[in-house]
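Reminder, nothing fancy here: chain letters follow the sequence lines and each chain counts from 1. What you see below is based on every heavy atom in this structure, not just the backbone, and it leaves out hydrogens, waters and symmetry mates.
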Amino acid sequence: MYRQARFYVRSALIYLLAAFTVAAVLLLNQAFGWDGRLGVLQYVFYHLLMVGWATQLIGGVALWMFPPFTRERPRGNETLGWAAYVALNVGLLLRVVGEPIHALQPGALASGLLAISAVLQVAAAWLLVGQLWPRVRQRITPPSEGRRG
Amino acid sequence: MPRPSQFMIRASLIWLVVGYTVGGLLLLHKAWPLFYPLWALRSAHIFMLLVGWLVQLSAGVAVWIMPRLVQPGVITGSGDRGDLRLVWLCCGGLNVGVGLVTAHSLLVWLSGGHASAFGWMPALAGAVWLMAIIAFIGNVWQRVRPVIDPLKMISHD
């Protein structure tokens, strides 16, 4: 597994831990009624799990194991993958901070954080697809072997 | 990578960008209210990413990488992937279903929230998804097995 894929997968594991930490807090709060305001973390939990964990893990594994782009450049344009990684993680972290602030104290700061987060996460999806799309293909085989898929 | 897997993975990547773009619009709307009926697209956003992206990508990759069905004396790696018509059925079903729930959300949005006339669309999507999943399991079930060396017929776990 090469360096970029390792970054994706390790980050995904950290988000998995974070998501279930938030889930535990939400469930404990539900059981013991610590503070009603903690309920604002529900959206944070969903997105830590689905964006931080699921999407990022799938992205990392796909970058690692999808068929090579060419023999010379097996991973295609790695810059797109790094740009997607930064955009996804910064976007998600801004949301993790901005969502509770927006729910509890709406204002220009929270709205700004959410707007930047939205733009970065959408950009991350497009960039990741930009790197993966050319690698969704049959594997490269020597001409004599034919294309078995 | 077989053609139906390529098709499913590419379709899942399309649903990824469409689903994230809709999600981005919803988040922008939360920050600065753009257009209230936009919120009707929330369920479409969820199904695009859950079924169109996650389920479809998983199924497409599974069809590609699960052990192939091998016959005695056939060289390893050249076995077949079972009945690929089932995979095409799965692919069609998943995408038609996501298309139906997306169209439903759009129609509810355009009609100003009157969902009752279009209630059949999510129901049909549910039925089509069920058919798709049965077709997918029909293909991969027999391929969930140890890898077999066809020349020796010895399994390698």
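By the 4.5 Å heavy-atom criterion applied to side chains, A/M50 and B/L49 are not counted as neighbours. For the pair A/Y43/B/K30, a side-chain contact is recorded, criterion being any heavy-atom separation below 4.5 Å from C-beta on.
At a threshold of 4.5 Å between side-chain heavy atoms, the hydrophobic network of Ile, Leu, Val, Met, Phe, Trp and Tyr places A/W82 and A/V51 in one connected group. One hydrophobic cluster, built from ILVMFWY side chains closer than 4.5 Å, cannot hold both A/L127 and B/L57; they sit in different ones. Linking Ile, Leu, Val, Met, Phe, Trp and Tyr residues whenever their side-chain heavy atoms come within less than 4.5 Å places B/V55 and A/Y46 in a single cluster. B/F47 and B/I14 fall within the same hydrophobic cluster, defined by Ile, Leu, Val, Met, Phe, Trp and Tyr side-chain heavy atoms under 4.5 Å apart, directly or through other members. No path of Ile, Leu, Val, Met, Phe, Trp and Tyr side chains, each step under 4.5 Å between heavy atoms, connects B/L89 with B/M66, placing them in separate hydrophobic clusters.
For A/W126, the CH2 atom counts as loosely surrounded, since its 6.0 Å shell holds 12 or fewer non-hydrogen atoms of other residues, nucleotides or ligands. At most 12 non-hydrogen atoms from other residues, nucleotides or ligands lie less than 6.0 angstrom from CH2 of A/W64.
Proximity to chain A (any heavy atom under 4.5 Å) is restricted, for B/V61, to the side chain, taken from C-beta onward. For B/L26, no part lies near chain A; criterion is any non-hydrogen pair under 4.5 Å. For chain A, no part of B/L25 is nearby; none of its heavy atoms comes within less than 4.5 Å.
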Distance-only criterion, 3.5 Å: show the donor-acceptor pairs between side-chain atoms of residues 29-40 of chain A and protein atoms not counting sequence neighbours.
{"from": "A/N29", "atom 1": "OD1", "to": "A/W34", "atom 2": "N", "distance (Å)": "3.0"}
{"from": "A/N29", "atom 1": "OD1", "to": "A/D35", "atom 2": "N", "distance (Å)": "2.8"}
{"from": "A/N29", "atom 1": "ND2", "to": "A/D35", "atom 2": "O", "distance (Å)": "3.0"}
{"from": "A/D35", "atom 1": "OD1", "to": "A/R37", "atom 2": "N", "distance (Å)": "3.0"}
{"from": "A/D35", "atom 1": "OD1", "to": "A/R37", "atom 2": "NE", "distance (Å)": "3.3"}
{"from": "A/D35", "atom 1": "OD2", "to": "A/R37", "atom 2": "NE", "distance (Å)": "3.4"}
{"from": "A/D35", "atom 1": "OD2", "to": "A/R37", "atom 2": "NH2", "distance (Å)": "2.9"}

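Here the shortest heavy-atom pairing between A/V136 and B/R10 reads O-NH2, 2.7 Å. Across all non-hydrogen atoms, the minimal contact from B/W64 to A/M65 is CH2-O, 3.3 Å.
The contact list for residues 108-122 of chain A toward chain B, using heavy atoms and a distance under 4.5 Å, reads A/S111, A/G112, A/L114, A/A115, A/S117, A/A118, A/Q121, A/V122 by residue number. Interface with chain A: from residues 128-140 of chain B, no residue qualifies, criterion being any non-hydrogen pair under 4.5 Å. Among the residues in residues 9-19 of chain A, none has a non-hydrogen atom closer than 4.5 angstrom to a non-hydrogen atom of chain B.
A/T55 contributes atom OG1, which lies 6.5 Å from atom CG of B/L16 (distance to the nearest 0.5 angstrom). Between the CD1 atom of B/I9 and the CZ atom of A/R135 there is a distance of 11.5 Å, given to the nearest 0.5 Å.
Using cut-offs of 30° and 60° for the angle between ring planes, the B/H45 and A/H47 rings count as parallel.
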